[in-house]
There are 2 protein chains.
Amino acid sequence: MTTERAGLRERKKQATREALREAALRLALERGPENLRVDDIAEAAGVSPRTYNNYFSSREQAIVAGITAQRESRVAGAVAARSAQTPLSDAVIDAVVGQHTEPAESERDGMLLIATNPALRAAYTDAVTSIEQPLADAIGERSGADAMTARVLAASVAAAVRVALREWLQPTDSGLVVPAGSLPDLLLSALAPLRAALDAV
Amino acid sequence: MTTERAGLRERKKQATREALREAALRLALERGPENLRVDDIAEAAGVSPRTYNNYFSSREQAIVAGITAQRESRVAGAVAARSAQTPLSDAVIDAVVGQHTEPAESERDGMLLIATNPALRAAYTDAVTSIEQPLADAIGERSGADAMTARVLAASVAAAVRVALREWLQPTDSGLVVPAGSLPDLLLSALAPLRAALDAV
DNA sequence: CCTCAAACTTGCGTGCACGCAAGTTTGCGC
DNA sequence: GCGCAAACTTGCGTGCACGCAAGTTTGAGG
């Protein structure tokens with residue numbers, strides 16, 4: 001649906017990208033991120049190490065992509081799906097919270113892995129940046145706001161999500177980093193201050 | 001004023017940090033970033049290469065820090081300096097715009113350097129992240145908002161500044177990357193959508 | 001003044017990111 | 001079908017970031 005009429009070239013690229021992130025996540029889960037070399041990921045995906053680096057610019061990025069893949073398009077889609085009568089703030093907040101309320105069984109252990117590794121935590125929170133562009137498009141489409149405003153609002157939403165995620169993943173003083181508290185609730189608190197801005201367009 | 005009664009330890013650390021960023025910027029200007037090795041920066045600052053990496057985690061970060069140093073504390077200070085009657089939005093926006101309206105002669109050629117190098121551009125826009133913490137403190141202090149709200153607002157302001165900077169530094173189709181247009185005006189446009197959120201606290 | 005633990009520096013080793021300059025594949029236009 | 005330009009892959013080389021485990025410095029308490 002996103003790739004209407006894609007050439008062989010594009011389909012192959014997506015396949016390679018998916019093979020890489022799938023391999024990265026699977027191997028990281030199997031043997032732990034510390035025992036995983038970039039060459040292993042490349043080999044498991046059937047490409048050269050150099051090619052791996054054409055797709056991801058860090059090992060953590062590849063592993064995390066195994067979990068966050070497509071989240072960007074889903075958030076944008078969820079915003080667009082809300083009826084035009086819905087206030088923008090509700091549309092955006094519902095969409096964002098909804099996409100993060102999916103302890104989808106298959107992602108459970110992945111999140112645990114991320115929570116226990118500082119480098120992965122950082123990569124994970126950074127990954128929300130990828131929703132900015134599609135979200136800006138969706139906001140602009142829906143509200144008719146000018147491009148700069150849409151970009152700023154999208155970037156602010158992403159920033160709020162990062163704040164919530166960092167809070168969620170913050171190591172407690174006991175050293176444990178088990179996602180405590182409800183992520184949806186944290187997201188709602190973090191996004192609340194942006195309601196006024198979102199509805200002002 | 002920031003370092004009230006600092007021990008020798010802390011003063012030495014600051015001195016080292018400043019020596020490193022000053023050396024990085026100076027050398028980058030002299031011979032261009034491509035002809036500048038990390039070892040050169042370390043040597044010029046009188047520390048080992050390994051120590052250099054204890055202070056900066058990328059060459060670009062060190063160079064850019066030569067220009068953005070202390071901007072974080074100045075922004076926070078500028079916010080705090082505005083009278084308590086001023087609406088928060090005015091205080092924050094004036095402070096941010098004010099800090100970026102300083103083509104301080106000495107920074108002129110530094111900005112030109114940054115504008116012409118993609119890696120430096122990225123590092124420069126990333127560097128605004130450093131204002132988040134102090135700005136959040138200032139916002140919390142001033143408005144009495146809860147910690148999460150203050151963090152989100154500060155992060156949103158930083159995000160807006162990044163959008164403006166990226167726009168400002170965007171390579172034109174002619175390939176030239178000369179900061180075209182007025183940065184203050186771009187910042188005002190980027191920050192405008194956040195007014196409602198800032199004044200809602 | 002002396003001691004000692006915590007903080008900081010440093011050398012070493014390892015894995016990594018990425019520019020560059022070939023090879024190889026894709027798919028458009030004839 | 002054919003040829004060719006653009007896109008993608010790959011090997012190589014270089015510089016770099018960072019963990020680790022010594023040394024070294026700092027400064028608080030006795």
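Because only heavy atoms are used, hydrogens play no part in the values below, and waters and symmetry mates are left out as well, while side chains stay in. Everything numeric here is computed off the predicted structure, so don't read it as measured data.
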* To do: Send over the distance from Leu20(A) CG to dT10(D) P, rounded to a whole Å.
  => 10 Å
* Test side chain to side chain contact (heavy atoms under 4.5 Å, CB included) applied to Ser89(B) and Asp94(B), Leu198(B), Leu191(B), Leu153(B), the passing residue -> Leu198(B)
* Structure fact -> Under a 4.0 Å heavy-atom criterion, the protein footprint on nucleotides 22-30 of chain C, written with B, S and -, is ---BBS---
* **Side-chain donor-acceptor pair present, Thr149(B), Asp146(B), cut-off under 3.5 Å** => yes
* Structure fact -> From the candidates dT10(C), dC8(C), dT10(D), the one with an atom nearest any side-chain atom of Thr51(A) is dT10(D)
* Indicate whether any N or O donor in one side chain lies under 3.5 Å from an N or O acceptor in the other, for Asn117(B) and Glu34(B). => yes
* Structure fact -> Once base and sugar-phosphate atoms are separated, protein heavy atoms under 4.0 Å mark nucleotides 14-20 of chain D, 5' to 3', with B, S and - as -SSBBBB
* Before accepting this row, confirm whether a basic side-chain N of the pair Asp126(A)/Arg162(A) lies closer than 4.0 Å to the acidic partner's carboxylate O. => no
* side-chain N/O Ser48(A) vs dT9(D) OP1/OP2, d < 4.0 Å -> no
* Are Asp40(B) and Arg31(B) close enough that some pair of their side-chain heavy atoms sits under 4.5 Å apart? -> yes
* Asked: Taking it one step at a time, do Leu187(B) and Val161(B) satisfy side chain to side chain contact (heavy atoms under 4.5 Å, CB included)?
  -> CA-CA 6 Å; Leu187(B) 284 169; Val161(B) 173; 4.1 Å; yes
* **Side-chain heavy-atom pair Thr16(B), Lys13(B) within 4.5 angstrom cut-off** => no
* Does any non-hydrogen side-chain atom of Ile41(B) lie less than 4.5 Å from one of Arg59(B)? -> yes
